[in-house]
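Beneath this line is the structure, given in C-alpha cells, with notes to follow.
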Amino acid sequence: MEPLYGPIRDYAWGSRSAIAMLQGRPVPSTGPEAELWLGAHPAAPASVERAGVRVSLCDLVRDEPGQWLGQRVADRFGTRLPFLLKVLAADAPLSLQAHPDAEQARVGFAAEACRPVEERNYSDPHHKPELLVALTPFEALCGFREPVESAEALAAFGVPELAPVVAALRGGPAGLATAVRTLLGWPAAEREGLLRAVLASAADGPDADLARRLAVLYPGDPGVLVALLLHHLRLAPGEAIWMPAGNLHAYLSGCGVEIMAASDNVLRGGFTPKRVDVDELLRVLRFEVLDEPVRAAQPVGPGVDCWPVPVDDFALHRVRVGADVPEVTLSLPGPRVVLCGAGSVTVDDGAGALTLVSGEAAIGTAAGEPLRVGGDGEAYVATSGLR
C-alpha cells in the first residue's frame, strides 16, 4: 500500500470544518471544503508519489492498467478506475439532481460532443449510481415518497394555484410526472409570488418547516416545492443512502463517505447557480416511489461490515479494529482505496505496510495480496464490485 493524496473541491456549499477536523487541520478552514476526491476521475484525480514527485493516478492507471486494475477490471471497465471514493461535507444544500443510467449517459455524451463545454449536461459517457454512508448526522432528500403524502403536504399551504399539482399527486404514482413537470415548469414571472404565498401560509409541521427553510435560501426556485415530493431523511452515523440512476435527490447537510461509479454526470433541477436543464432532467427521472432509500450496515465478519448494492462498479466495506478485534484480513480483489475515518490503522497488502491516521488514504494495486488491517481505528475500503 502507498499513500494516496486527494484534492479537495471548494464548492460553495461545502463545510469549513468537517474535512479539516477529519484530517486534524485547524478549524475553520480558509474556504469551503465540499468534497475530498480519492480516485482517478480526470476532473480531479488523486495522486501518488514517484521519485519525490506527485503523479496523477489517472496517468498511472492509463499507462499501467494491468498492474493497477488487473485483467478482470480492465476487461469489464477499460483502462480506468471504475469507482470514485469521496468524503462529502455539506453546510448548505447541494443541487436538486439526478444521474443518468449507463445508456442515457452514453447517448447523451455522444450527442453533446460538438457543444461548447459550458452547454453540456454530460461530462463523460458513464452512469453514476452512488452510496453515501453518514459519518455525522446527515440530512437529505432522496427519491420520491408516496404521492398522497406529498399531496397533503402541498394542500396544507392552502395556495389555490397548487390545486392541479395536488390533484395529480392524489392520483398516485401515475401523477408524479405531471406534478414534477408542472412545478419545475412554473412560469418564471410567477415563481416568487407562489413561494411568497407558501411562506405566508399558516401551515405547520416538518414539511412546512422544510419548505420555508428552502424558500429563504432559494427564493423563486420551484425546486422548493418539488422537495416536498421526496423522502426527507435524517441519517445516524453508519446509516447509508443508496441512489440508483434516475432518482431525484438533494443532500442538505452533514458529512459522509460517498462511493460511486467514476462519473461526474449531474442533471440539475434547482438549488444551484450551475447549469439547469429541466427537460433533460425530466427525461432521465424515474417517476416511481423509492421504497427503501436507507440501508443499514450488514456484518460480514468480525469488525467488518458493508452496504450491498446491485452494481459491479464499486463496493464499500467498513473495518473497525481495536482491543476486541485487533486485526482483520480482507480477501477483496484490488485495486483497493483505503480511507482512515477515525483513530489509526495499519494496512498491508503484501507490498508494504502503511499506517494511516484519520483523514489519510492509501491505495494498493490489483497485484496485492489479501489486505490486512490492524491498529485502533476505523477504515473504509473501496474496491470494484466484481467478485
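Computed from a prediction, not measured in an experiment: that's the story for all the values here. Atom set for the values below is all heavy atoms of this structure, side chains included, hydrogens, waters and symmetry mates excluded.
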Does the side chain to side chain donor-acceptor pair (under 3.5 Å) test come out yes or no for Asp313 and His127, once each step is laid out?
-> CA-CA 10 Å; Asp313 305 74; His127 69 164; 3.0 Å; yes
Is the side chain of Asp124 donor-acceptor paired with the backbone N or O of Asp264 at a distance under 3.5 Å, no angle test?
-> yes
Could you walk me through whether Leu184 and Val276 pass the side-chain contact (heavy atoms from CB on, under 4.5 Å) test, one step at a time?
-> CA-CA 11 Å; Leu184 290 183; Val276 170; over 6 Å; no
Applying salt bridge (Lys or Arg N to Asp or Glu O under 4.0 Å) between Lys86 and each of Glu33, Glu35, Glu130, report the one that passes.
-> Glu35
How about His99 and Val266: do any of their side-chain heavy atoms sit closer than 4.5 Å?
-> yes
May I ask you to list the residues sharing a hydrophobic cluster with Tyr11, side-chain cutoff 4.5 Å, ordered by chain and number?
-> Trp13, Trp37, Leu84, Leu88, Leu94, Leu132, Phe138, Leu233, Leu235, Ile241, Met243, Tyr251, Met260, Leu290, Val294
Got a donor-acceptor contact below 3.5 angstrom from the Glu360 side chain to the Val357 backbone?
-> yes
Evaluate side-chain contact (heavy atoms from CB on, under 4.5 Å) for Arg268 paired with Leu281, printing each intermediate quantity in order.
-> CA-CA 7 Å; Arg268 301 176 180 88; Leu281 174 66; over 6 Å; no
Please, which pairs that meet salt bridge (Lys or Arg N to Asp or Glu O under 4.0 Å) have at least one residue in residues 183-192, sequence neighbours excluded?
-> Glu192-Arg196
Using a 4.5 Å side-chain heavy-atom cut-off and chaining through intermediate ILVMFWY residues, the residues clustered with Val27 come out as Met21
Is the side chain of Arg72 donor-acceptor paired with the backbone N or O of Arg387 at a distance under 3.5 Å, no angle test?
-> yes
So the ring-ring contact (aromatic ring centres under 6.0 Å, His included) pairs with at least one residue in residues 176-224 (sequence neighbours excluded) are Tyr218-Phe271
Determine whether Leu135 and Val257 make a side-chain contact, defined as any pair of heavy atoms from C-beta on separated by less than 4.5 Å.
-> yes
Identify every side-chain donor-acceptor pair in residues 108-116 under 3.5 Å, counting partners at least two apart or on other chains, and give the distances.
{"from": "Glu112", "atom 1": "OE1", "to": "Asn121", "atom 2": "N", "distance (Å)": "2.7"}
{"from": "Glu112", "atom 1": "OE1", "to": "Tyr122", "atom 2": "N", "distance (Å)": "2.9"}
{"from": "Glu112", "atom 1": "OE2", "to": "Arg115", "atom 2": "NH1", "distance (Å)": "3.4"}
{"from": "Glu112", "atom 1": "OE2", "to": "Asn121", "atom 2": "N", "distance (Å)": "3.2"}
{"from": "Glu112", "atom 1": "OE2", "to": "Asn121", "atom 2": "ND2", "distance (Å)": "3.1"}
{"from": "Arg115", "atom 1": "NH1", "to": "Glu119", "atom 2": "O", "distance (Å)": "3.0"}

Steps toward side-chain contact (heavy atoms from CB on, under 4.5 Å) verdict (Val87, Gln23) | CA-CA 11 Å; Val87 177; Gln23 295 183 328; over 6 Å; no
May I ask you to test the Arg16-Pro32 pair for a side-chain heavy-atom distance under 4.5 Å?
-> yes
Shortest non-hydrogen contact between Ala140 and Cys142, atoms and distance | CB-SG, 3.8 Å
Any Ser358 side-chain heavy atom under 4.5 Å of Leu22 side chain | yes
Listed once per pair and sorted, the salt bridge (Lys or Arg N to Asp or Glu O under 4.0 Å) pairs that draw on residues 206-216, sequence neighbours left out | Glu139-Arg213, Arg145-Asp207
With sequence neighbours left out, which residue pairs that include part of residues 342-356 fulfil the side-chain hydrogen bond (donor to acceptor under 3.5 Å, both in side chains) condition?
-> Thr346-Thr355, Asp348-Arg372
Joining Ile, Leu, Val, Met, Phe, Trp and Tyr whenever any side-chain heavy atoms lie under 4.5 Å apart, the cluster holding Val381 also takes in Met1, Val300, Val304, Val319, Val321, Val325, Val328, Leu330, Leu332, Val338, Val345, Val347, Leu354, Leu356, Leu371, Val373
Restricting to pairs with a member in residues 319-346, which pass ring-ring contact (aromatic ring centres under 6.0 Å, His included), not counting sequence neighbours?
-> none
With side chains defined as the heavy atoms from C-beta onward, is the minimum distance between Asp10 and Ile8 less than 4.5 Å?
-> no
Point-to-point distance, once rounded to the nearest 0.5 Å, from CG of Leu285 to CZ of Arg181 = 8.5 Å
Just by modelled atom types, is the Pro137 backbone N or O under 3.5 Å from a matching donor or acceptor in the Arg234 side chain?
-> no
What pairs of residues pass the ring-ring contact (aromatic ring centres under 6.0 Å, His included) test when at least one of them lies in residues 220-242, not counting sequence neighbours?
-> none
Ala20 and Pro26 have their tightest heavy-atom pair at CB-O, 3.7 Å
Pair listing, ring-ring contact (aromatic ring centres under 6.0 Å, His included) test, anchored in residues 57-91, at least two apart | none
Worked verdict on Leu162 versus Leu183 for side-chain contact (heavy atoms from CB on, under 4.5 Å) | CA-CA 9 Å; Leu162 290 175; Leu183 290 171; 4.0 Å; yes
Minimal heavy-atom distance between Ala43 and Pro45, with the atoms involved, is C-CD, 4.0 Å
Of the non-hydrogen atoms in Pro82 and Ser384, which two are nearest, and what is the gap between them?
-> CG-CB, 4.2 Å
Give a yes or no on whether the backbone of His126 and the side-chain of Ser263 come within a donor-acceptor separation of less than 3.5 Å.
-> yes
Within-4.5 Å side-chain heavy-atom neighbours: Leu316 and Leu85 | yes
Side chains of Pro93 and Ser253 in contact at under 4.5 Å (non-hydrogen atoms) | no
Minimum heavy-atom distance Ala46-Gly6, with the two atoms named | CB-CA, 4.0 Å
Could you name each residue pair satisfying side-chain hydrogen bond (donor to acceptor under 3.5 Å, both in side chains) that touches residues 163-180, not counting sequence neighbours?
-> Glu152-Arg170
State, yes or no, whether a side-chain contact exists between Phe314 and Pro129 at a heavy-atom distance under 4.5 Å.
-> yes
Determine yes or no for a side-chain-to-main-chain donor-acceptor pair under 3.5 angstrom, with Arg295 supplying the side chain and Pro308 the backbone.
-> yes
If only atom types and distance count, is the side chain of His249 paired as donor or acceptor with the main-chain N or O of Asn247 below 3.5 Å?
-> yes
Just by distance, do the side chain of Ser95 and the backbone of Gln97 share a donor-acceptor pair under 3.5 Å?
-> no
Ala323 to Pro326 - nearest heavy-atom pair and separation = O-CD, 4.1 Å
Under a single-linkage definition using a 4.5 Å side-chain heavy-atom cutoff for Ile, Leu, Val, Met, Phe, Trp and Tyr, are Leu96 and Phe287 assigned to the same hydrophobic cluster?
-> yes
ILVMFWY network linking Phe157 to Leu217, side-chain heavy atoms under 4.5 angstrom = yes
Ignoring hydrogens and angles, tell me if any N or O in the side chain of Thr182 forms a donor-acceptor pair with the backbone of Val165 under 3.5 Å.
-> no
